[in-house]
Trainee: 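I have a structure I would like to understand better, so I am pasting it below and will then ask my questions one at a time.
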Amino acid sequence: MSLSILERPRVQEARDRAGQPIVEVRDLNVRFNGSRRTIHAVRGIDLTIHPGEVVAIVGESGSGKSVTARTLAGLTGEGSQIDAAEFTIGGHNALEFKERQWRAIRGRRIGLVLQDALVSLDPLRRIEQEVAEPLTTHGLVKRRDVRARVNSLLGEVGMDDPEVRGKQYPNELSGGLRQRALIASAIAANPQLIIADEPTTALDVTVQAQVIELLKARRDAGTALLIISHDLAVVSSIADRILVMNNGEIVEQGSTEQVLGHPQNAYTKMLIAAVPSRDANPLNEWAGKRPEGA
Ligand code: ADP
Ligand code: MG
């Protein structure tokens with residue numbers, strides 16, 4: 001049974017109470033210094049995420065979505081150079097964070113489902129080890145309680161038979177179950193924000209819908225989400241707000257209704273036109289799933 005209609009007002013109240021954004025970024029630039037040239041991957045973007053909000057970043061491949069996602073988690077990578085007029089996490093200046101501080105934030109305050117994790121899960125690590133890591137890293141449960149907590153998390157993300165699944169290795173699981181395991185790991189430490197980069201991309205349509213349902217359950221539980229996708233149809237049923245990214249810049253942003261129903265930018269219009277005909281009008285789907293008319 002979906003609780004979303006009952007839960008939404010409660011989430012809205014939580015939003016109204018919680019004044020401070022989880023993440024606030026103004027004029028963020030990310031550059032990679034190569035031997036021959038510098039790639040300016042993220043160009044002056046602004047982004048604020050409040051508690052309980054669902055924000056989506058959409059754009060074609062290479063537009064800077066993943067670099068943005070990684071930067072928000074302190075994982076921009078080797079050779080990168082970051083500057084911003086403001087970059088705060090929970091009110092703290094992230095531009096001054098040392099690795100130790102990022103480690104304290106990753107998993108704990110911000111849960112991550114990274115784009116390549118689905119294919120690059122450590123093949124030698126059982127699923128239960130993957131999911132236990134945030135719990136042990138942040139010392140959140142007693143050693144003897146870890147297994148029970150992991151099994152309960154695997155159950156929460158809809159895995160049948162968590163005890164058996166936990167003992168398996170990534171290559172024994174379907175793509176959909178691997179994605180569930182990654183989400184279990186991302187939610188293990190009960191973060192305020194989950195960043196999910198292309199969480200449905202490698203999955204077939206049915207499993208895509210299941211993963212979106214799973215993310216909606218997190219939203220209904222009050223967790224903020226930043227969902228990144230090249231596919232507008234995927235985010236249309238879940239996002240409160242959409243940011244459209246092209247060539248490192250945010251070219252358009254607004255409520256899901258505004259961006260899908262009244263796109264202003266030519267690039268946004270092109271993305272909407274590119275949505276396959278089975279979801280001919282993502283806005284119809286979006287409107288149909290919000291009975292409260294939000
Ligand atoms: P998207 O996720 O929107 O497909 P990305 O954020 O992965 O795009 O990449 C944006 C741009 O940044 C691309 O031109 C990509 O080649 C470049 N880029 C990403 N990561 C690195 C890196 N570690 N070193 C150099 N260039 C990078
Ligand atoms: Mg990407």
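This one's a predicted model, so the numbers in the text were calculated from it and none came from an experiment. Remember, it's 1-based here, ligands and their atoms both numbered in the order they're listed.
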Trainee: Give me the protein N, O or S atoms that fall under 2.8 Å of the Mg ion (ligand 2), sorted by chain and residue number.
Mentor: S66 OG, Q115 OE1
Trainee: Apply ring pair (Phe, Tyr, Trp, His ring centres under 6.0 Å) to F97 and list each qualifying residue two or more places apart in sequence or on a separate chain.
Mentor: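 Partners of F97 under the ring pair (Phe, Tyr, Trp, His ring centres under 6.0 Å) test: W102.
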Trainee: Sort out the contact shell of ligand 1: every protein residue with a heavy-atom distance below 4.0 Å, listed by chain and number.
Mentor: F32, I39, A41, E60, S61, G62, S63, G64, K65, S66, V67, R70
Trainee: For N246 and S63, which I'm curious about, is there any donor-acceptor pair between the side chains at under 3.5 Å?
Mentor: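 Judged by distance alone, the side chains do not pair up.
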Trainee: Just by distance, no angles: are the side chains of R180 and Q210 close enough, under 3.5 Å, to form a donor-acceptor pair?
Mentor: yes
Trainee: Are I242 and L226 grouped together when hydrophobic residues (ILVMFWY) are joined by side-chain heavy atoms under 4.5 angstrom apart?
Mentor: no
Trainee: If hydrophobic clusters are built from ILVMFWY residues whose side chains come within less than 4.5 Å, do V244 and L72 share one?
Mentor: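 No; tracing contacts between hydrophobic side chains, which count when under 4.5 Å, never links both residues.
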Trainee: Which side-chain hydrogen bond (donor to acceptor under 3.5 Å, both in side chains) pairs, counting each pair once, include a residue from residues 71-80, with sequence neighbours left out?
Mentor: T71-T76
Trainee: Tell me whether R219 is salt-bridged to E53, with the criterion being a basic N under 4.0 Å from an acidic carboxylate O.
Mentor: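 Looking at R219 and E53, the cut-off is not met.
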Trainee: Could R165 and D160 be called an ion pair, given the rule that one side-chain N must be under 4.0 Å from one carboxylate O?
Mentor: yes
Trainee: Which residue in the set E130, E172, E128 passes salt bridge (charged side-chain N to carboxylate O under 4.0 Å, His left out) when paired with K167?
Mentor: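 Of the listed options, the one satisfying the test is E128.
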